[in-house]
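Input: a single structure, listed below in structure tokens.
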Amino acid sequence: MTRSDELAVEAALMLGVARGEPEACRVVVEQQGPAAYRFAFRLLRDSEEAEDIAQEAMVRLWKQAPDWRPLARISTWLHKVIYRLALDRLRRRREEGLEAAEAMPDPSPGPEAAFAAVQRRAVVNEALQTLPERQRTAVQLTHFQGLSGAEAASVLDVSIEALESLLARARRTLRTTLEDRRAELLERDDG
């Protein structure tokens, strides 16, 4: 399906949302809700705040439905709204002097391999948190949220070239940071 076909399908879906059609609303929630929450969580590192932001973004989408113009995909529009809402929330945190919430560890017990994987993810997440905000968001949008370069650039309001530059700097920093912790990661694998 071409991009224009995808935009046309999504425009029809948004028309259904604007009309209050339950099936269209269900499809949008099923298609967009989980990714919206994951992105908000990656930005905020707090499940309750991520849920609030994702819900607020979906409410804004509902309100936007009657005026929807198929200039961007629904997911791109939502990611942009979530990004801005999360930035506002993070700014408020800083102003209030609160520290960013730590990621919730997985409480379920599992085999050693699963434990090592969780630890590796924690190390990668720690490394991601050391990146400047725009670099971190660029990585999250492209690698974890699955957005194309053009979509991620749109969310960040930068050119594709600027996005590629952010990603290149982020990858270099991550490579260095993770290389420094390589022995630790390998040790965890050996258990």
Side-chain angles (χ1 to χ4, degrees), residues 1-20 24-95 100-101 103 125 128-129 131-171 174:
M1 186 180 299
T2 67
R3 178 171 164 74
S4 60
D5 291 340
E6 290 172 351
L7 291 174
V9 168
E10 288 189 349
L13 192 59
M14 289 301 288
L15 182 61
V17 169
R19 292 181 184 155
C25 294
R26 182 191 63 75
V27 168
V28 169
V29 169
E30 284 180 0
Q31 287 179 350
Q32 305 300 327
Y37 170 80
R38 284 191 308 272
F39 182 52
F41 182 79
R42 286 192 179 282
L43 293 171
L44 298 168
R45 310 306 297 167
D46 181 285
S47 59
E48 287 181 21
E49 284 188 329
E51 211 170 290
D52 290 346
I53 295 283
Q55 286 176 2
E56 185 173 343
M58 293 300 281
V59 167
R60 289 184 182 196
L61 182 66
W62 267 210
K63 290 178 180 177
Q64 176 68 29
D67 301 317
W68 186 260
R69 288 178 291 141
L71 301 176
R73 300 201 52 206
I74 294 171
S75 62
T76 304
W77 188 92
L78 269 174
H79 280 86
K80 186 176 262 192
V81 170
I82 290 166
Y83 177 63
R84 289 181 179 151
L85 290 170
L87 283 181
D88 289 344
R89 188 80 51 118
L90 290 169
R91 282 186 195 111
R92 252 182 301 184
R93 274 187 194 169
R94 277 191 292 262
E95 289 169 4
N125 281 331
L128 277 171
Q129 295 308 310
L131 293 175
E133 175 228 315
R134 290 174 68 79
Q135 289 178 25
R136 181 175 58 246
T137 302
V139 170
Q140 290 169 339
L141 288 169
T142 56
H143 293 286
F144 296 105
Q145 295 302 119
L147 267 62
S148 71
E151 291 169 329
S154 174
V155 170
L156 291 170
D157 284 327
V158 298
S159 67
I160 292 175
E161 293 78 15
L163 175 77
E164 290 171 357
S165 177
L166 287 169
L167 288 170
R169 288 193 312 264
R171 288 179 186 126
L174 286 172

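Scope of the values below: all heavy atoms of this structure, side chains included, with no hydrogens, waters or symmetry mates.
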Over 12 non-hydrogen atoms of neighbours within 6.0 angstrom of CD in Glu30: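 For Glu30, atom CD is crowded (more than 12 foreign heavy atoms under 6.0 Å).
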Asp88/Arg91 under side-chain contact (heavy atoms from CB on, under 4.5 Å): CA gap, chis, key distance, verdict: CA-CA 5 Å; Asp88 289 344; Arg91 282 186 195 111; 3.3 Å; yes
Atom [atom1] in [X], atom [atom2] in [Y]: separation rounded to 0.5 Å?
X      : Y      : atom1 : atom2 : answer
Leu166 : Glu133 : CG    : CD    : 10.0 Å
Thr142 : Leu163 : OG1   : CG    : 6.5 Å
Leu174 : Leu131 : CG    : CG    : 4.5 Å
Arg134 : Leu87  : CZ    : CG    : 9.0 Å
Gln55  : Tyr37  : CD    : OH    : 11.0 Å
Arg89  : Leu44  : CZ    : CG    : 7.0 Å

Verdict with supporting geometry, Val139 and Gln135, side-chain contact (heavy atoms from CB on, under 4.5 Å): CA-CA 6 Å; Val139 170; Gln135 289 178 25; 5.7 Å; no
From CA spacing to verdict: side-chain contact (heavy atoms from CB on, under 4.5 Å), Arg42, Asn125: CA-CA 9 Å; Arg42 286 192 179 282; Asn125 281 331; 4.0 Å; yes
Exam field: side chain Gln140 to backbone Gln145, donor-acceptor pair closer than 3.5 Å: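 Judged by distance alone, no pair lies under 3.5 Å.
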Any donor-acceptor N or O pair under 3.5 Å, side chains His79, Glu151: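 Per modelled atom types, His79 and Glu151 side chains form no pair under 3.5 Å.
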Only pairs under 3.5 Å count here: list side-chain donor-acceptor contacts from residues 58-77, not counting sequence neighbours, and write none if there are none.
| unit_1 | atom_1 | unit_2 | atom_2 | d |
| --- | --- | --- | --- | --- |
| Arg60 | NH2 | Glu56 | OE2 | 3.0 |
| Arg73 | NH2 | Glu10 | OE2 | 3.2 |

Which pair of non-hydrogen atoms, one from [X] and one from [Y], has the smallest distance, and what is that distance?
X      : Y      : value
Thr137 : Leu156 : CG2-CD2, 3.7 Å
Ala24  : Val17  : CB-N, 3.7 Å
Ala57  : Ile82  : CB-CG1, 3.6 Å

Salt bridge (Lys or Arg N to Asp or Glu O under 4.0 Å): pairs with one or both residues in residues 140-150, sequence neighbours excluded: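 Output for this query is empty, none listed.
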side-chain contact (heavy atoms from CB on, under 4.5 Å) between Leu147 and Phe39, intermediate numbers included: CA-CA 11 Å; Leu147 267 62; Phe39 182 52; over 6 Å; no
